[in-house]
Amino acid sequence: QVHLVESGGGSVQAGGSLRLSCAASGYAYSRRCMGWFRQAPGKEREGVAIIYTSLGSTDYSDSTKGRFTISQDGAKNILYLEMNSLKPQDTAMYYCAADIRPQCYSLSAIPEYTYLGQGTQVTVSS
């Protein structure tokens, strides 16, 4: 079992920055891949950043590439999402997720991961 708890969301003006954190507990081997996805009201869930934990490989959606950075602190079992140059269209609930399956390294797969956090709200005003 893996338990994920996000924090760090909030309200910020356009152009600002936020750092989301995801504290993970449970077996580390269950977290082959970890990632962040978001969902805005009336929109589909969107995988925005992913990391293959053992290799440190990362990938981003086109909408976040160059502005968001995913990273991990293995010793503390924390996943981060550094978000810079935020835009109003980044407003959404952000969720942390983890999975063990070999085919987990896919942005589109993140919302279907086995383990999901409860989410943290990010609101960007213009």
Side-chain angles (χ1 to χ4, degrees):
Q1 274 288 6
V2 175
H3 187 55
L4 304 171
V5 179
E6 302 97 333
S7 61
S11 297
V12 65
Q13 289 193 325
S17 299
L18 282 173
R19 187 176 79 160
L20 306 183
S21 299
C22 172
S25 60
Y27 294 112
Y29 77 87
S30 296
R31 293 179 263 130
R32 183 191 302 265
C33 298
M34 295 192 73
W36 296 89
F37 73 95
R38 65 188 181 187
Q39 186 164 29
K43 295 190 176 181
E44 292 188 357
R45 295 176 296 178
E46 176 193 13
V48 298
I50 189 172
I51 187 166
Y52 197 95
T53 57
S54 61
L55 299 178
S57 305
T58 60
D59 196 14
Y60 301 89
S61 64
D62 289 342
S63 61
T64 63
K65 197 170 296 182
R67 300 187 299 122
F68 289 13
T69 302
I70 188 171
S71 62
Q72 59 182 343
D73 184 329
K76 297 181 179 179
N77 291 322
I78 299 176
L79 182 74
Y80 298 103
L81 185 67
E82 185 75 36
M83 305 185 295
N84 298 314
S85 303
L86 283 163
K87 306 174 181 180
Q89 51 265 46
D90 293 318
T91 296
M93 186 73 81
Y94 283 71
Y95 299 87
C96 171
D99 207 286
I100 187 178
R101 290 170 287 182
Q103 65 271 31
C104 61
Y105 194 66
S106 166
L107 288 167
S108 62
I110 298 173
E112 307 301 327
Y113 276 4
T114 302
Y115 305 106
L116 306 179
Q118 83 289 350
T120 185
Q121 178 67 37
V122 171
T123 302
V124 184
S125 58
S126 57

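Every heavy atom of this structure was used, including side-chain atoms; hydrogens, water molecules and symmetry mates were not.
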Between [X] and [Y], is there a shared hydrophobic cluster once you connect ILVMFWY residues whose side-chain heavy atoms come closer than 4.5 Å?
X: Ile70; Y: Ile110; value: no
X: Val12; Y: Leu81; value: yes
X: Tyr52; Y: Tyr113; value: yes

Please determine, by modelled atom types, if Ser63 and Glu46 share a side-chain donor-acceptor pair under 3.5 angstrom.
yes

Starting at [atom1] of [X], measure out to [atom2] of [Y] and round the result to the nearest 0.5 Å.
X: Ser71; Y: Ile78; atom1: OG; atom2: CD1; value: 10.0 Å
X: Leu55; Y: Cys33; atom1: CG; atom2: SG; value: 9.5 Å
X: Thr123; Y: Met93; atom1: OG1; atom2: CE; value: 9.0 Å
X: Lys87; Y: Ser125; atom1: NZ; atom2: OG; value: 15.5 Å

Looking only at heavy atoms, what is the nearest atom pair of [X] and [Y], with distance?
X: Ala24; Y: Leu4; answer: CB-CD2, 3.6 Å
X: Ser17; Y: Ser85; answer: OG-N, 4.3 Å
X: Ala92; Y: Arg38; answer: CB-CB, 3.8 Å
X: Ser61; Y: Gly47; answer: CB-O, 3.5 Å
X: Gly9; Y: Thr120; answer: N-OG1, 3.1 Å

Side-chain touch [X]/[Y], heavy atoms, less than 4.5 angstrom:
X: Asp90; Y: Arg67; answer: yes
X: Arg32; Y: Tyr105; answer: no
X: Met83; Y: Val48; answer: no

Selection residues 57-99 - residue pairs positive for ring-ring contact (aromatic ring centres under 6.0 Å, His included), sequence neighbours left out
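Passing the test, one end in residues 57-99: Phe37-Tyr95.
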
If you count every heavy atom of other residues, nucleotides or ligands that lies below 6.0 Å from Gln118 atom CD, does the total exceed 12?
yes

Got more than 12 heavy atoms from elsewhere within 6.0 Å of CD, Gln103?
yes

If only atom types and distance count, is the side chain of Arg45 paired as donor or acceptor with the main-chain N or O of Pro111 below 3.5 Å?
yes

Does any N or O in the side chain of Glu6 come within less than 3.5 Å of the main-chain N or O of Cys96, such that one atom is a donor and the other an acceptor?
yes

How far apart are the C-alpha atoms of Arg101 and Thr114, what are their side-chain angles, what is the distance that settles it, and do they pass the side-chain contact (heavy atoms from CB on, under 4.5 Å) test?
CA-CA 9 Å; Arg101 290 170 287 182; Thr114 302; 4.0 Å; yes

Can you name the one residue among Val2, Ile51, Ile50 that meets side chain to side chain contact (heavy atoms under 4.5 Å, CB included) with Met34?
Ile51

Does the pair Arg31 and Leu79 meet the rule for a side-chain contact (heavy atoms from CB on, under 4.5 Å), with working shown?
CA-CA 11 Å; Arg31 293 179 263 130; Leu79 182 74; over 6 Å; no

